[in-house]
Amino acid sequence: MRAIEIVRPGGPEVLEWREVPDPRAEQGQVVIDVAAAGVNRADVLQRKGFYDPPPGAPPYPGLEVSGVVAEVGAGVPGFAPGDQVCALLAGGGYAERVAVPWEQVMPVPEGVPLVDAAALPEVACTVWSNVFMLARLRKGETLLVHGGASGIGTFAVQLAKALGSQVVATAGSEAKLRRLRELGADETINYREQDFSELVRADVILDIIGGSYLAGNLKALNPGGRLVIIALQGGARAEIDLGVLLTKRASVHGTTLRARPVEEKGVIVRSVADNVWPLVGAGAVRPVVYARVPMSDAAEAHRMLDSGEHIGKILLVR
């Protein structure tokens, strides 16, 4: 088969479409003929040499795919060749085929085209596990989403709104803010021009910035609020005012998804299929796809992501 290999750490030009060995379905695995793969910030970090795959994962980038089941290994329940599926991966999605533990595979939600389903696994599992399973966002509470125009942001806005929460989202241009309002955001904030910590009070904050936003996030939390940090685009270090944390009875959580054990990912995947897929099937939440790029031209997809102009997901299509 062919896959995108990172020939050396560097810019998008280091991504090359090459012949590589075919994967085989080992015990408990499903092999998927890939229709499309989602492009994520983690892929960029891996390309630059900052985010190696977990032990045992394929060396190729790609944390989510959609496609058709080609082969099932021993001990795999519920899947058969020919099934249309999407999957959460530890790596290897930029390829014609990928082997993945069956626990991380889901059916394609009703009404979603097979290619577009590749835009869902990483964002759905990230948002559901952090905002709802961990931070326990409830109906009527307010969610603040930083980086609202990202794949995660556009999904979080829709899902929280569908489940009855008030949603505030930040982004850096009027076009992005307008799209977020169309997706259901009750309020939008241009982070380039406005100080979010002066404008909103939230019960849950989903943050991709990290260090540079910590003080502002704590200020923006309501009493009993929950801050969930899932990326560090604004740095990994900051000073925390524990007095604010105590006074507000707030909590701060830091999480990642990629390196979790298969068993933990399986719990999240099953919960997403049970709780989120019905909303997707009903049209209350939909994948937001900015561009579909040939997989062999992954470098162009990474240039798009690096530009920061996209709204929603960029997909690599076979």
Side-chain angles (χ1 to χ4, degrees), residues 30 32-40 62-70 77-89 93 98 100 102-133 137 139 143 145 148-165 167 169 178-185 257 265-266 268-295 301 310-318:
V30 172
I32 299 171
D33 276 328
V34 175
V39 179
N40 291 280
L63 300 181
E64 58 190 339
V65 297
S66 61
V68 177
V69 174
F79 295 102
D83 289 346
Q84 292 195 352
V85 297
C86 54
L88 181 71
L89 311 176
V98 65
V100 56
W102 72 265
E103 295 94 333
Q104 296 169 209
V105 181
M106 297 172 277
V108 171
E110 184 177 350
V112 176
L114 179 61
V115 164
D116 289 2
L120 291 172
E122 179 73 15
V123 297
C125 290
T126 296
V127 172
W128 181 255
S129 64
N130 286 292
V131 175
F132 294 92
M133 296 176 72
L137 180 69
K139 184 177 181 179
L143 171 68
V145 180
S150 66
I152 286 173
T154 54
F155 194 87
V157 167
Q158 294 181 83
L159 184 58
K161 194 63 184 175
L163 292 174
S165 295
V167 182
R178 183 170 58 251
R179 182 65 176 125
L180 289 168
R181 292 191 291 270
E182 292 171 354
L183 291 172
L257 183 59
K265 290 181 182 177
I268 294 169
V269 165
R270 297 279 76 75
S271 188
V272 165
D274 291 342
N275 295 285
V276 180
W277 269 201
L279 294 171
V280 177
V285 182
R286 303 298 288 177
V288 177
V289 178
Y290 176 76
R292 301 167 184 85
V293 179
M295 188 172 289
H310 63 288
I311 300 173
K313 297 285 292 191
I314 299 167
L315 301 181
L316 296 176
V317 180
R318 286 273 314 283

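- The shortest side-chain heavy-atom distance between Val123 and Lys313 falls under the 4.5 Å cut-off.
- Inter-residue side-chain proximity for Val85 and Ser66 is flagged as unmet; no heavy-atom pair is nearer than 4.5 Å.
- At distances below 3.5 Å, not a single donor-acceptor pair connects side-chain atoms of Gln84 with backbone N or O atoms of Val108.
- Distance alone, capped at 3.5 Å, is enough to place a donor-acceptor pair between the Arg286 side chain and the Val280 backbone.
- A salt bridge between Asp116 and Arg292 is present, with a side-chain N of the basic residue lying under 4.0 Å from a carboxylate O of the acidic one.
- The side chain to side chain contact (heavy atoms under 4.5 Å, CB included) test with Val105 is passed by exactly one of Val100, Leu88, Val65: Val100.
- The closest donor-acceptor contact from the side chain of Trp277 to the backbone of Pro107 lies under 3.5 Å.
- A donor-acceptor contact shorter than 3.5 Å links the side chain of Thr154 to the backbone of Ser150.
- In this structure the side chain of Phe155 reaches within 4.5 angstrom of the side chain of Val276, judged on heavy atoms.
- Contact record, Leu143 with Ala160: CD2-CB, 3.6 Å, taken as the closest heavy-atom pair.
- Looking at heavy atoms from C-beta onward, Arg270 lies out of side-chain contact with Lys265 at the 4.5 angstrom threshold.
- Taking CG from Asn275 and CE from Met133, the interatomic distance works out to 8.5 Å, rounded to the nearest 0.5 Å.
- In plain terms, the two heavy atoms of Val157 and Ala185 that are nearest each other are CG1-N, 3.6 Å.
- The distance from the CZ atom of Phe132 to the CG atom of Leu137 is 5.0 Å, given to the nearest 0.5 Å.
- In terms of heavy-atom proximity, Cys86 sits nearest to Pro121 at CB-CG, 3.7 Å.
- At least one donor-acceptor pair closer than 3.5 Å links the side chain of Glu64 to the backbone N or O of Glu122.
- Residues Met295 and Ala37 approach most closely at CE-CB, 4.0 Å, considering heavy atoms.
- Between Trp102 and Phe79 the shortest heavy-atom distance is O-CE1, 3.8 Å.
- You'll find the side chain of Pro294 stays beyond 4.5 Å of the side chain of Val317, heavy atoms only.
- In this structure, Ala301 and Leu316 approach most closely via the heavy-atom pair CB-CD2, 3.5 Å.
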For this session: Please test Leu163 against Leu279 for side-chain contact (heavy atoms from CB on, under 4.5 Å), starting from the C-alpha separation and ending with a verdict.
Result: CA-CA 9 Å; Leu163 292 174; Leu279 294 171; 3.8 Å; yes
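- Contact annotation: the side chain of Leu257 approaches that of Ile268 to within less than 4.5 Å [non-hydrogen atoms, C-beta and beyond].
- Under the 3.5 Å distance criterion, the side-chain polar atoms of Gln158 are left unmatched by any main-chain donor or acceptor of Gly184.
- Side-chain contact check for Leu315 versus Val289: some heavy-atom pair is nearer than 4.5 Å.
- Residues Asp83 and Val68 fail the side-chain proximity criterion, which asks for heavy atoms closer than 4.5 Å.
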